[in-house]
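Along the sequence shown, residues are numbered consecutively beginning with 1. The figures here come from the full heavy-atom set of this structure, side chains too, leaving out hydrogens, waters and symmetry mates.
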Amino acid sequence: MNAELLSIRLATEQDASEILAIYAPYVTGTAITFEYEVPSLEEFTRRIQRTLLRYPYLVACSGDSIVGYAYVSPFHERPAYSWAAETSIYVSMESRGRGIGHTLYALLEKMLQKQNILNLNACIAYPNPASIAFHEHLGYQTVAHFHNCGYKMGRWYDMVWMEKFIGEHLPDPPQVVPFSTIQSQFPG
């Protein structure tokens, strides 16, 4: 499979179980996420609903199957941080390295630019050379490295923050637009 055979669309609540099936192995078998327990289907559905109120939540499909997803969440809830968002991406274990992540992030960035988001921030468990290389390839730079801040699977992990600017930081920036108001500009 390569990225050209993919279709990208907005996630729906009905996708929650398929998306959760991609996420679960990252929870149970890696420190890529610092979550200890796989969320319930109900909780995961609520996460998708909450995200779509404010931001895009995308799925990559190969045929009828979801093979990856990407979304953003607030970098911080206080109003001064409105122009920054935290990116998250997960690709099914068997589909990694095939351009899916790049395709998802490219569309996600276009959507976020339409919302007037300026800063993208990625929080990455360390070590994770594949994720760091992926983000560097897309123009992110490491801006912080925290030591021994996450404990999972019997060991301590560091965390790095990577950042990418996708817009100009003006003295009087345009307000951030909720995704729901621009959603119709993008294919379903």
Side-chain angles (χ1 to χ4, degrees), residues 1-27 30 32-33 44-45 47-75 83-125 128-142 160-167 176-188:
M1 171 191 1
N2 61 41
E4 295 86 45
L5 302 175
L6 288 178
S7 62
I8 308 292
R9 63 172 174 77
L10 289 174
T12 68
E13 296 172 28
Q14 292 73 32
D15 296 324
S17 62
E18 212 172 338
I19 296 170
L20 184 56
I22 292 171
Y23 183 61
Y26 287 97
V27 174
T30 78
I32 289 172
T33 174
F44 212 74
T45 301
R47 292 179 187 185
I48 294 169
Q49 292 167 336
R50 275 192 311 265
T51 299
L52 286 169
L53 292 174
R54 222 166 134 182
Y55 300 110
Y57 196 124
L58 302 177
V59 293
C61 300
S62 177
D64 292 333
S65 299
I66 295 174
V67 293
Y69 65 99
Y71 65 95
V72 298
S73 50
F75 174 69
W83 293 267
E86 181 180 347
T87 58
S88 295
I89 187 164
Y90 292 90
V91 175
S92 68
M93 295 288 188
E94 59 277 358
S95 299
R96 294 186 312 180
R98 298 179 179 163
I100 296 166
H102 184 272
T103 303
L104 281 165
Y105 262 22
L107 181 56
L108 194 65
E109 282 186 24
K110 286 179 187 174
M111 293 174 157
L112 295 171
Q113 285 171 326
K114 290 274 191 186
Q115 288 187 260
N116 299 321
I117 300 292
L118 301 175
N119 295 25
L120 301 183
N121 301 94
C123 179
I124 301 170
N128 187 341
S131 185
I132 291 170
F134 168 77
H135 284 86
E136 285 175 342
H137 178 73
L138 295 176
Y140 286 73
Q141 295 180 359
T142 300
V160 296
W161 276 99
M162 298 184 78
E163 178 179 65
K164 179 179 182 178
F165 294 157
I166 60 169
V176 172
V177 177
F179 181 67
S180 59
T181 64
I182 64 160
Q183 183 174 342
S184 64
Q185 297 178 30
F186 297 96

Exercise for the section: For Glu109, check side-chain hydrogen bond (donor to acceptor under 3.5 Å, both in side chains) against everything at least two apart and list the hits. Expected result: Lys164
Problem - Minimal non-hydrogen separation, Pro178 against Leu53, with atom names - result: CB-O, 4.3 Å
Exercise for the section: Could you tell me the separation between the CG atom of Leu6 and the CG atom of Leu104, rounded to the nearest 0.5 Å? Expected result: 7.5 Å
Practice task
Mind checking ring-ring contact (aromatic ring centres under 6.0 Å, His included) for Tyr55 and listing every partner two or more places apart, or none if nothing turns up?
Solution key: none
Fill in the blank from the handout: Gln49 meets the side-chain contact (heavy atoms from CB on, under 4.5 Å) criterion, sequence neighbours left out, with Glu13, Thr45, Arg46
Problem - Glu86 side-chain N/O to Ala122 backbone N/O, donor-acceptor pair under 3.5 Å - result: no
Practice task
Determine, step by step, whether Leu58 and Leu10 satisfy the side-chain contact (heavy atoms from CB on, under 4.5 Å) criterion, reporting the C-alpha distance in whole Å, the side-chain angles of both residues, the deciding distance to 0.1 Å, and the verdict.
Solution key: CA-CA 5 Å; Leu58 302 177; Leu10 289 174; 3.7 Å; yes
Exercise for the section: May I ask you to decide if Gly99's main-chain N or O and Thr103's side chain share a donor-acceptor pair within less than 3.5 Å? Expected result: yes
Handout entry: Pairwise side-chain contact, Tyr71 with Ile48, heavy-atom cut-off 4.5 Å (strictly under)
Key = no
Exercise for the section: Compare every heavy atom of Ser131 with every heavy atom of Ile124, then report the nearest pair and how far apart it is. Expected result: CD1-OG, 3.6 Å
Practice task
Could you tell me the separation between the CG atom of Leu52 and the OG atom of Ser180, rounded to the nearest 0.5 Å?
Solution key: 9.5 Å
Problem - Listed partners of Thr12 passing side-chain hydrogen bond (donor to acceptor under 3.5 Å, both in side chains), at least two apart - result: Gln14, Asp15
Exercise for the section: Could you tell me whether the side chain of Tyr140 and the main chain of Trp161 form a donor-acceptor pair under 3.5 Å? Expected result: no
Fill in the blank from the handout: To the nearest 0.5 Å, atom CG of Leu120 lies from atom CZ of Phe165 at 10.0 Å
Problem - Flag side-chain contact, heavy atom, 4.5 Å: Val72 against Thr51 - result: no
Donor-acceptor pairs under 3.5 Å, side chain of residues 17-24 to any protein atom, not counting sequence neighbours: which ones?
from: Glu18; atom 1: OE2; to: Ile66; atom 2: N; distance (Å): 2.7
from: Tyr23; atom 1: OH; to: Thr33; atom 2: OG1; distance (Å): 2.9
from: Tyr23; atom 1: OH; to: Glu35; atom 2: OE1; distance (Å): 2.5

Fill in the blank from the handout: Output for pair (Leu138 CG, Leu108 CG), nearest 0.5 Å, gives 11.0 Å
Exercise for the section: Please name the pair of heavy atoms, one in Pro56 and one in Gln115, separated by the smallest distance, quoted to 0.1 Å. Expected result: CD-OE1, 3.2 Å
Exercise for the section: Determine whether more than 12 heavy atoms belonging to other residues, nucleotides or ligands lie under 6.0 Å from atom CD of Gln141. Expected result: no
Handout entry: side-chain hydrogen bond (donor to acceptor under 3.5 Å, both in side chains) against Tyr105, all qualifying residues, sequence neighbours excluded
Key = Thr87, His135
Completion exercise
Distance col, row Asn119:CG vs Glu163:CD, nearest 0.5 angstrom, shows 5.0 Å
Exercise for the section: Kindly give the heavy-atom pair with the smallest separation between Ile132 and Met162, and that separation in Å. Expected result: O-CE, 3.9 Å
Handout entry: Shortest non-hydrogen separation from Val67 to Ser62 and the atoms involved
Key = CG1-CB, 4.0 Å
Practice task
Taking the side chain as every heavy atom from C-beta outward, state whether Phe179 and Lys114 have any atom pair closer than 4.5 Å.
Solution key: no
Problem - Spacing of NE2 belonging to His102 relative to CZ belonging to Phe134, to within rounding of 0.5 Å - result: 7.5 Å
